[in-house]
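Just so you know, these numbers come straight off a predicted model, no measurement behind them.
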Amino acid sequence: MTPPAVVIPREITHFHMCPGAGGGGKGFNRGGARVGRFEGVPVCIGGIDNDAAGLADFERVTGVQGTLRDLFTVAQYTAFHGRPPPPDFKEVTPDDVRRAAGYRRPNVVFMSTPCKGYSGLLAEQASLSPKYQALNALAQRVVWLVLEAWADDPPEFILFENVPRIMTRGRGFLDQICAMLAPYNFAWVESQHDCGELGGLAQSRKRFLGVARHRGKVPPFLYEPPRQRIRSVGELLEQCPLPGDLSVGPMHRMPNLQWKTWVRLAFVEAGSDWRSLNKLQVEDGVLRDFAIMPDRAWRDGTLGVLPWPASSGAITAQAEATTGRFSVADPRVSSTFEGAGHMGVREWDRPAALITGDARPTKGQFSVADPRPPEGAAHYHQYGVRPWSGSMGAVINVKSPGQGVFSVADPRVDGHPKSVQLGIRRWEEPAPVVKGDVSVGTGPYAVPDPRIPGSPRFNNTYRIVRTGEASPAVAGPGGPANGLCVADPRAAGSFAGNGKYRVTAMTEPAGTVIGGSTTGQGAFAIADPRTGYGPNSHRNKMRVAEWEKSTGTVIGADRVGSGAMSVADPRPEFARDGREQYLSAGHYGVNRWEASSLAVTGTGQHDNGRWSVADPRPAEGAEAGRLPAPEDRLVAVIRALDGTWHRPFTTYELAALQGYVDPGEHLVMQGTSDSAWRERIGNMVPPPAAQAIMSTICRTLLLAWQGETFMLSSDPIWVRPIATALSIDVPPLPEVTQ
């Protein structure tokens with residue numbers, strides 16, 4: 001029996017500059033590869049950052065102590081903060097970098113310097129300010145520190161991660177970085193990739209990655225990691241507890257938002273943003289077409305009947321049948337409660353009810369089920385009907401059914417034709433003989449006419465429905481006073497309602513003048529074009545110009561009544577005053593449950609991007625006794641028009657979208673501020689994407705260390721995104737002579 005091959009572990013060390021909360025370090029530690037008998041084992045040897053809270057998170061997820069230092073130079077610190085650094089400030093040196101790595105040489109250095117200056121969330125003019133230019137220049141300084149720290153034995157790879165816009169806004173900085181790398185024998189290639197595809201995330205996160213490969217240590221090839229499917233938001237979130245379940249930590253709490261913000265989110269269509277609100281019609285500050293009411297008020301409360309074994313709801317001050325579930329299905333049949341015995345019939349063998357002064361059948365149980373045959377009592381036979389199979393009673397000198405049982409239940413349907421009084425002939429049959437008296441009571445002189453002439457009538461049209469069929473809608477006793485009104489969209493012409501509140505055009509005739517000639521009774525208003533202004537008055541008084549049309553002549557008037565122009569502005573209030581970024585940044589955006597998220601940013605909030613989700617899972621909230629005021633802060637569950645709960649992502653869910661935590665896993669980050677947590681989560685490299693990158697690098701290094709310069713494989717060469725630098729040997733830059 002052949003013994004199993006012995007696996008030889010080979011450490012692949014990695015060091016991090018500006019690691020933040022440690023997303024990249026966590027992902028690198030999870031990477032790895034095996035080539036032959038060798039297995040690459042990533043080992044983190046440290047990191048440097050100026051954020052104490054982020055460094056604490058880095059240490060927690062990597063298990064390695066970090067170094068808290070500010071990487072700015074004195075000049076950069078002054079330009080960024082607007083003041084000189086404190087007296088104890090010291091610039092970081094290459095030796096400080098080696099000390100932070102435990103004086104070990106890294107195989108891979110990963111740096112993710114601040115990207116605010118290159119981000120599209122920052123206006124370009126602001127990015128050119130001295131403050132953000134100093135922040136952008138930090139990338140060059142970090143690269144220089146790494147190159148000088150291990151100048152005698154450089155790392156095999158230096159990876160530089162940032163936002164894609166750095167390739168345009170930071171073009172000058174990237175060119176300088178490339179020039180700095182060339183003397184140290186590094187080949188440099190820039191690329192873009194989607195972290196969602198590399199890590200199988202529920203977000204599409206496009207990022208820039210610059211790859212510097214040491215030509216002397218790494219041959220020019222790197223195999224491509226497998227692309228993964230970008231998952232939907234719901235596919236990930238359904239694995240998490242519902243928001244507010246703090247079993248996974250305090251970061252899963254739902255933020256307290258203003259009531260008006262919850263209402264806004266509820267009216268944003270899933271997959272859209274604040275622009276959905278432009279479709280709403282508001283009159284006098286109130287929504288014209290929608291109302292908000294407690295979820296149970298109309299669904300299962302009013303006129304509700306509780307089962308006998310169920311508990312009652314809260315007793316309110318108006319505990320009536322029409323205000324909630326204040327009725328009960330009582331299975332007890334009470335024989336002592338005589339007040340409920342109206343028209344009651346007592347059994348023969350039971351005692352009578354109490355005899356009162358008004359002992360009539362409608363006042364109580366004052367009737368009896370008499371088992372004795374009523375023979376001999378003729379008045380008991382009035383209007384009696386004999387069965388067809390029974391014998392006839394004695395024939396007496398009476399001729400009326402009211403005098404006895406002198407009627408019979410005749411099962412024969414087809415009687416004599418002459419006896420068909422009130423008869424109805426079918427539409428397709430011929431008429432009966434026409435005679436002198438053809439009233440409907442004298443024969444089949446009626447017809448089922450299928451034609452219903454004229455417009456629909458509501459108070460004089462009746463319908464016969466079979467007892468076995470479903471009833472039409474129950475509409476109460478009828479009439480407008482009982483709720484039978486309809487918002488009829490037909491508003492032209494006479495409107496079959498006599499033109500109530502209708503305004504007659506100046507060129508049309510008036511309606512008939514009646515005794516109640518008011519606007520509420522008919523078309524008794526007129527569109528009068530005569531304004532009453534003098535012949536020399538302006539014709540643009542109080543005029544509102546349309547948004548897409550040109551304005552009138554600009555004059556010196558400062559009042560709209562004097563001719564000053566007004567305009568119908570379709571833009572919402574918060575999109576004005578130079579805040580045009582609202583038009584494209586997806587503010588108040590709501591993600592569909594089945595769609596993937598956009599890239600998680602460091603400033604992800606419900607009101608500055610697509611950071612809400614249409615959650616279809618049932619969510620229960622405390623029932624409110626009243627609608628909150630617009631400024632009241634609370635957690636509200638509003639069932640939106642699509643039947644889902646439009647709510648913001650929790651901070652925990654944003655961490656799950658980034659792959660920083662597995663759904664259901666407990667997570668606690670340093671500090672107590674949600675905004676600080678979100679900033680570090682949004683700035684980090686998603687660990688699953690970092691894991692995919694590190695696994696590919698491990699494989700490449702293992703091959704290189706075994707002397708391979710070329711290898712046949714079914715895996716494609718990573719000539720796209722970041723691996724272009726490793727699949728193409730870029731020649732060094734020519735020397736510049738003076």
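Ion pairing between a basic and an acidic side chain is recognised when a charged N comes within 4.0 Å of a carboxylate O; Asp194 and Arg207 show no such pairing. Residues Glu197 and Lys206 are not paired through a salt bridge, judged by the lack of any N-O separation under 4.0 Å between the basic side chain and the carboxylate.
Between His16 and Phe28, the ring centre distance stays below 6.0 Å. Remark: aromatic rings of Phe80 and Phe72 are close, center separation under 6.0 Å.
Legend: residues meeting side-chain contact (heavy atoms from CB on, under 4.5 Å) with Arg98, ordered by chain and number and at least two apart, are Pro94, Asp95, Tyr103, Ala149, Trp150. For Asp153, the salt bridge (charged side-chain N to carboxylate O under 4.0 Å, His left out) test picks out Arg105, Lys217, with sequence neighbours left out. In this structure Tyr77 satisfies the ring pair (Phe, Tyr, Trp, His ring centres under 6.0 Å) test together with His81, Phe89, sequence neighbours excluded. Here Asp615 pairs with Arg617, Arg647 under the salt bridge (charged side-chain N to carboxylate O under 4.0 Å, His left out) rule; sequence neighbours left out. Taking the salt bridge (charged side-chain N to carboxylate O under 4.0 Å, His left out) definition, one finds that Arg34 meets it with nothing, sequence neighbours left out.
Of the possible polar contacts, none joining the Glu653 side chain to the Leu237 backbone as a donor-acceptor pair under 3.5 Å is found. Side-chain N or O atoms of Ser272 include none that pairs as donor or acceptor with a backbone N or O of Val268 at under 3.5 Å. With Asn683 contributing its side chain and Glu679 its backbone, the two residues share a donor-acceptor pair below 3.5 Å. Between the side chain of Arg213 and the backbone N or O of Phe186, no donor-acceptor pair lies under 3.5 Å. Of the possible donor and acceptor atoms, none in the side chain of Asn162 sits under 3.5 Å from a partner among the backbone N and O of Phe208.
Atom CD of Gln239 is surrounded by more than 12 heavy atoms from other residues, nucleotides or ligands within 6.0 Å.
Screening residues 651-691 for ring-ring contact (aromatic ring centres under 6.0 Å, His included) gives His252-Tyr652 as the qualifying pairs, with residues at least two apart or on separate chains.
Looking only at side-chain heavy atoms (C-beta outward), Leu68 and Asp49 stay at 4.5 Å or farther from each other.
Side-chain atoms of Ser597 and Asn591 form no donor-acceptor pair, as typed in the model, at a separation below 3.5 Å.
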